[in-house]
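What follows is a single structure, and I will ask about it in a moment.
What you see below is based on every heavy atom in this structure, not just the backbone, and it leaves out hydrogens, waters and symmetry mates. Residue numbers run from 1 in the order of the sequence given. We count ligands from 1, going down the list as the structure has it; atoms in each ligand are counted the same way.
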Amino acid sequence: MTPLQQRLHHVLSTLPAGVQLVAVSKYHPVSALREAYDCGQRVFGESRVQELQEKHAALPADIAWHFIGHLQQNKVKYLAPYVSLIHAVDSLRLLQEIDRQGLRHREARLANGLPAKIEVLLQLHVAQEETKFGLTIEECRQLLAEGTWKTLENVQIAGLMCMASNTDDEAQIAREFSEAERFFHEAQQQYFAGDSAFRICSWGMSDDYPIALRHGATHVRIGSYIFGPRQY
Ligand SMILES: *Cc1c(COP(=O)(O)O)cnc(C)c1O
């Protein structure tokens, strides 16, 4: 086994059954993804559209590609034929554009073995840092209560995503993940009762995923721990 494959194995050995590893391979070469692939990893996370397109073209077709970065509306069309999950949706307008592109690329998605509906997560802003991305819990509640999303037939809201503050204060990180976890249960009861497709809690990265696992994470997005430092 290569050192990368040993690190991948170690991460997998720390995950409880049922938790999905999203191997965050952004800024790493195709050869690194291939090493992880050869070890059985099939779910990769990328944060730039063009990079994802290039890697998708270069690697086997049975990889599930997750887009984890901020997605501009005018780029949805490039991902729609083959993306398996979009993690960071934070506006109704983006949801509507994903719905439009889901309809346009429906046949291609089905041919690629994907569900016709594009699965997405709503991104919550729970960290202390100032960022323009993500919905506060109140904004997310309003988006769900407003209800337009229910009319979008080509997009499925499959859960929530968040990032915790970049801090050594583990209690702070735990508070943020537990806020997201609490809201996940609220949303599940209030807006997705009986909808088993609303099931994903995507939180936890290299430095904080053990905390995320204690607060309901079903998907962890781990990059540098597996692939090493990114070469920007
Ligand atoms: C880069 C990135 C990750 C992975 O971060 P690491 O610290 O390398 O594990 C996870 N989530 C998002 C949204 C990212 O952009």
Side-chain angles (χ1 to χ4, degrees), residues 3-15 19-29 32-33 35-36 39 41 43-55 63-72 75-76 79 83-91 94 98 119-135 140 158-170 172-174 176-177 179-181 184 200-232:
L4 186 158
Q5 289 174 333
Q6 280 167 5
R7 294 193 297 268
L8 173 60
H9 262 278
H10 175 72
V11 168
L12 288 169
S13 75
T14 64
L15 299 182
V19 171
Q20 175 66 56
L21 170 65
V22 181
V24 175
S25 45
K26 62 189 188 196
Y27 295 95
H28 290 284
L33 284 79
E35 270 183 68
C39 231
Q41 181 65 26
V43 180
F44 291 89
E46 290 283 337
S47 61
R48 295 185 302 173
V49 172
Q50 192 181 341
E51 185 176 343
L52 197 163
Q53 285 184 288
E54 288 165 11
K55 288 173 173 171
I63 290 176
W65 293 101
H66 288 197
F67 192 78
I68 64 169
H70 174 68
L71 181 55
Q72 290 172 303
K75 300 215 168 145
V76 176
L79 298 182
V83 74
S84 118
L85 182 64
I86 297 174
H87 282 239
V89 172
D90 63 0
S91 72
L94 181 55
I98 295 170
E119 290 206 309
V120 305
L121 307 179
L122 298 177
Q123 181 181 6
L124 295 178
H125 175 51
V126 291
Q128 283 177 317
E129 282 116 25
E130 281 297 319
T131 154
K132 51 189 195 300
F133 303 129
L135 300 156
C140 192
L160 303 175
M161 175 272 204
C162 74
M163 276 185 273
S165 298
N166 183 12
T167 171
D168 290 334
D169 182 350
E170 296 201 353
Q172 173 69 28
I173 295 170
E176 293 168 0
F177 287 147
E179 246 184 87
E181 183 184 25
F184 174 81
I200 295 176
C201 294
S202 168
W203 39 86
M205 321 201 321
S206 291
D207 288 337
D208 59 17
Y209 81 88
I211 306 173
L213 292 174
R214 295 197 284 274
H215 296 282
T218 65
H219 287 48
V220 290
R221 308 179 309 267
I222 300 180
S224 40
Y225 190 93
I226 298 168
F227 295 103
R230 289 180 275 274
Q231 310 288 324
Y232 295 111

Which of the numbered atoms in ligand 1 are below 4.0 angstrom from a heavy atom of R221? 4 (C), 9 (O), 10 (C), 11 (N), 12 (C), 13 (C)
If you draw the axis of the six-membered ring of F227, does the NZ or CZ of R7 fall within 45° of it and under 6.0 Å from the ring centre?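 The answer is no, since R7 fails at least one limit relative to F227.
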Closest protein heavy atom (residue, atom, distance) for atom 1 (C) of ligand 1: K26 NZ, 1.4 Å
What atoms of ligand 1 come within less than 4.0 Å of a heavy atom belonging to G223? 4 (C), 6 (P), 8 (O), 9 (O)
Parallel, tilted or perpendicular: which one describes the rings of H87 and H66, with boundaries at 30° and 60°? tilted
Min heavy-atom dist D207 to ligand 1 below 4.0 Å: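 No, D207 has no heavy atom closer than 4.0 Å to ligand 1.
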Using a 4.0 Å cutoff against the non-hydrogen atoms of M161, which atoms of ligand 1 qualify?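 Counting atoms of ligand 1 from 1, those under 4.0 Å from M161 are 13 (C).
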Using a 4.0 Å heavy-atom threshold (strictly under), name the region of R230 that reaches ligand 1: side chain, backbone, both or neither.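 Looking at R230 and ligand 1, just side chain atoms fall under 4.0 Å.
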Are any non-hydrogen side-chain atoms of F67 and V49 less than 4.5 angstrom apart? yes
Tell me, which protein residue and heavy-atom name are nearest atom 9 (O) of ligand 1, and how many Å apart are they?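 Result for atom 9 (O) of ligand 1: S206 OG, 2.6 Å.
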Before giving the answer on side chain to side chain contact (heavy atoms under 4.5 Å, CB included), spell out for L124 and F184 the whole-Å C-alpha distance, their side-chain angles and the decisive distance to 0.1 Å. CA-CA 10 Å; L124 295 178; F184 174 81; over 6 Å; no
Is it the side chain, the backbone, both or neither of S47 that has a heavy atom closer than 4.0 Å to ligand 1?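 No part of S47 is near ligand 1 at this cut-off.
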Could you tell me the residue and atom name of the protein heavy atom closest to atom 10 (C) of ligand 1, and the distance to it rounded to 0.1 Å?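 That would be M205 SD, 3.2 Å.
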Would you sort out whether M163 and R221 count as a side chain to side chain contact (heavy atoms under 4.5 Å, CB included), showing the intermediate values? CA-CA 10 Å; M163 276 185 273; R221 308 179 309 267; 3.3 Å; yes
Polar contact flag, side-chain donor to acceptor under 3.5 angstrom, S84-E119: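 Their side chains do not contain a donor-acceptor pair, so the 3.5 Å distance test is not met.
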Closest heavy-atom pair and its distance - Q128, S165: N-OG, 2.8 Å
R214 vs F177, test: side chain to side chain contact (heavy atoms under 4.5 Å, CB included). Steps then yes/no. CA-CA 9 Å; R214 295 197 284 274; F177 287 147; over 6 Å; no
May I ask you to identify the nearest protein heavy atom to atom 13 (C) of ligand 1, giving residue, atom name and distance to one decimal place in Å?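 Sorting protein heavy atoms by distance from atom 13 (C) of ligand 1 puts I68 O, 3.6 Å first.
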Of all the atoms in ligand 1, which lie at a distance below 4.0 Å from a heavy atom belonging to I222?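 The list of qualifying atoms is 9 (O).
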Any idea which protein heavy atom is nearest atom 7 (O) of ligand 1, and the distance to it? S224 OG, 3.5 Å
